[in-house]
Every structure is written in structure tokens, then in C-alpha cells.
Amino acid sequence: MTVFKIHSFNKIRCLATLVMLLLGASQAFAEEASSARQIVDKFQAQLIAVMKEGKQLGYSGRYDKLQDAVSNSHDLTKIARIVVGKEWEKLSETQQQQLVDVFSKLSIASYAHNFKEFTGEAFIFDSEEETTRGGVVVHARLTIPDEKDVKFDYMLKEKGNSWRIINIIANGVSDLALKRSEYTSILQREGFDALIAKINEKIDNYSKL
Amino acid sequence: MKGHPNVELHATIKQTLPYLLMGIFALSGCASSNTGGQQSVYSKADPYEPINRKIYNFNDKVDDYIAEPISNVYKAITPQFLQTGVFNFFNNLDNINVILNDVLQGKLHQGAEDTGRFAMNSTLGLLGVFDVAKSVGLQQNNEDFEQTLAVWGIPRGHYLVIPFLGPLTARGIPGAVFDTAANPSSYVGAPVQLVSLLNKRANAEGALKFIDEAALDPYVFTRESFLQWRASLANDGKSVEPADFEDELGTEEDSSSPKAPNVLKLNFSFNSGQFKQASRSFSSTSASFENTAESFKKSSEKLDDLKIRH
């Protein structure tokens, strides 16, 4: 009996240690869950999941699902600020807020529109590197059956204790640089209201297409 | 007899190439002298934006009213397998250019692979109609003479929009001349070239639709994506550390070509009397170009009028 008791006590202790180890490990995992690569991996997985359900969800369903996915992986405020360049300083606080709002909506809407169906696509991680100015670039590929892979390079910056995407370079074309040229050009040529009107028009089109 | 036109064309290219190259240096030279002080809303890569925009709008109208409708008919009446065959056929011919440029860029290994690809598709693939090389893992590479010139260190020059043809850089002009001369499909007469054009338009459909949907300013969107895409092709898609623009918040910088100023500096050594003359003659060409652009604007307005009336 005694032997049995000791044995089972040992067993329980072992089990408890194991549980504690597991808990510890998952805690450590939770702390590291916000590394640059994990942010990208998670976002890509969410995107593929939405694509798989794309048709059933419809545009508004995809939009709702992607709203958190995009907001939690991208630093939309910073991106909105960068795409208007030095014009940012000339905007009033209300205008800045308005820009961040419509820009965020546009970003989610364009994902909801462009990633609407699944035909066997998959994201593959290639490599990760630190940039000279404290950022991280995650190199990945989107494989599409019967088509050439599309290279996706994600640039991330630290925000608080986590990482956020600030730029996506698809096949060598930088989204941030592209938008920056467009937005500054419109602001300089046509002004703030025209820019907001154009962004709203795009959001509207995405919801109808 | 058959050889004559080729020889003639070759001679013409030989004669015009130096002028075209001089044109590039002149273009680059203009940029170098313009950068001081003058605050312009135009991108450094695109100092001719007002003219380019007019031609862009003209091309857009031509596409809307002529190219797109014809291309739609082509797509409607041509079965998908035939469209793919046509695409593969011209794509296979393009491989002659790819191989030439592989060699000119010193990419001998890739050149050998592309030669294998061309040989396989021309024989087993029945003159290129079937892309059999793809199924054995030989990917289509993208090389052209503009990329070769980039590899040789020739500066990009400015962004130009050519009537009916679309975006190009100054470096792309000799590039296009060379590639056209080296491609057999340039010598086989109008009907084949028409099919080639239809094929190109049909395949650009997706990209053009994407621009329509995504661009707030289609002109700037096309320019920036074109320049970035060409730059990425020229360095074979190697990742260059992308700018994060954080330092630039609050400063006016050229986003499209952070490296351009260094490249342009190379041209100062060409700043001789002859060079200035070339530059001046370019200015007058540019002025007449502006007049042409004006007439393009008018023609596109006329096209609009026609559309409204009908």
C-alpha cells in the first residue's frame, strides 16, 4: 500500500510539474506571440481562412472578419501618417483623425475585395531580416496553383511590446511608396477634401463590385 | 531580298541609337540642373508630368473607345485554349530576346536554361503554342534590353508616356528599339502584329482593372508601379531594404527613386559643349512635344464629345 501511495504521489507530483512546465511554456509563448514573424503568420492565416469562406461570407462578412485581423497586424495610424508625408503637419487634428479613419476603412475594404475566394493559394515563409533602423522585414511568398509565385515582403516596426506591419512590398512594388506618391500628389493638386472624397468613393466601389 | 529590310533596319538602329543615348544623357542632365531650389509638386522622376498626363489621358481614351472594345470582341470570339495558345506563341518568340539579354547581362546559366526552354517549346510545344517547358519546371524569365542597359549602369532617365504605347523610361527607348529589332514577330506583317497587340491587351486586362479599382490617381499609380516594377526586374527581384519613410516625415523627398540622385551625378562628366547642345535641342523637342500633347488633349475631348452624343 505504502509503496503504491508513494508511487501515486510521485505520479501526481510529476503530473503537476508537467502541468506547471506546460503553463510556463505557454506563458513564455504568449509573451513571444507578438514577434514580427508571428504577426505576419497570424495575419496570413486569417486572410487564407477568410478566402476559404469568401463566397459564403460575402463582402460585408469578409469585411467584418478582416477588420480585427488588419487592425491587429497593421499600424494603420502610422501608415496613414506616412502616406501623406509632410502634409500631415498641415492637417488639423480633426482632419488627421478623419484621414486615419477613412484610410483604415479603405485598407480593410481592399483586402475584403481582393481576397474574396480560395483557389489553393498558400503563404510560405522564406526568411526574416532586421533592417538598419530597427525594423524587421519578413520575406514570404504567395503560391497560386498554375501561376508564378507572388513575392510578399512585409516591413514591420515595433509598437509597444508588439510588432505591426507598416509596408507590404508585392513583387518589388512598395504599397507605402505607391500610396505616398498618390496621396501627396492629390493633396497638393486638389486638397484634403478631394482626397477624402476619392477614398470614400473607392470604399464605396469595393462594397459594390 | 529577304535580308534587305533587316539590314536597313539594323542600319537605322545603328544610326539612331547614339542619338537616343545622347537623349538619355540630355534628359538626365536636365534633371540635375533642375533639382536646385525649385519647389515643384512633380516627382523628380517625372518632370514632364503635365505633358505625360495629357498623353496618359489620351491613351486612356484610346483604350476605352478602341482597344478595350476590340480586345473584348477578341476574348469573346476566341476560345480560351486558343487565347492561351496565342499567348504562348508570342511568349515563346519573346524568349529570343530573353536569351540575347541573358547573354548581354552575363547570365550564362540562365541563358542556357532559357535556350532549353525555347528549344523545347518550339519543337515539342509545336512552335511555342504549348508551354511544355513550364511542366518540367523551366520558368519563364523576364529579361529585356532596358534591363540590360540598367545592368550596364546606364541611368534610368525620366518617366515618359508615349502616345498609343504607354509608359516608358528614357532608358526604355533604346531598349524597345533593340527588343523590337531582335524579335521575329516584328518582321511578319500587320495581321500577326495585330494579333500580338490583341494578345497583349487581353493579358493586361487584369492589371488595368486593378488600377481602375485601386488607384485614387490612376496616372500616379501607373507611374509609380511601373517604375518600381521595372527597378525590381532590373535587379532580378533581389530585396533591397525598403524605405520606411520615418526620417522623411516632415521633409520633402522623392519616394520613387531614392538612388536616382547618385546615378544622375555620373552624368556631370558628360557636361561638355556638345552635351549642352543636345540638351538644348531636347528642350525644343520638348516644346513641340508639348504642342503635340495639347492636340492629344483636344482629340481626347473630341472623343468624349462623340461618346456623349451617341
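When reading the values below, keep in mind they use all heavy atoms of this one structure, side chains included, and skip hydrogens, waters and symmetry mates.
- For A:Asn171, the part lying near chain B is the backbone, with the side chain staying farther off; criterion is any non-hydrogen pair under 4.5 Å.
- A:Tyr206 has its ring centre no less than 6.0 Å from the ring centre of A:Tyr59.
- Here A:Glu182 is the residue among A:Glu190, A:Lys148, A:Glu182, A:His113 with the most heavy-atom pairs under 4.5 Å with chain B.
- A heavy-atom distance below 4.5 Å is not found between the side chains of A:Arg37 and A:Val136.
- Here the shortest heavy-atom pairing between A:Lys65 and A:Glu53 reads NZ-OE2, 3.3 Å.
- The ring of A:Tyr154 has its center no closer than 6.0 angstrom to the ring center of A:His74.
- If you tally non-hydrogen atom pairs under 4.5 Å between each of A:Lys179, A:Lys198, A:Glu201, A:Lys90 and chain B, the highest count goes to A:Lys198.
- Looking at every heavy atom in both residues, A:Lys157 comes nearest to A:Arg133 through NZ-O, 3.1 Å.
- For B:Tyr219, no part sits under 4.5 Å from any heavy atom of chain A, backbone or side chain.
- Nearest approach of A:Asp153 to A:Ala140, heavy atoms of both residues: OD1-N, 4.3 Å.
- Neither the backbone nor the side chain of B:Ala231 comes within contact range of chain A; no heavy atom of the residue lies under 4.5 Å from a heavy atom of that chain.
- Using a 4.5 Å cut-off between heavy atoms, B:Asp212 touches chain A through its backbone atoms (N, CA, C, O) alone.
- Contacts between A:Ile186 and chain B at a heavy-atom distance below 4.5 Å involve the side chain alone, from C-beta outward.
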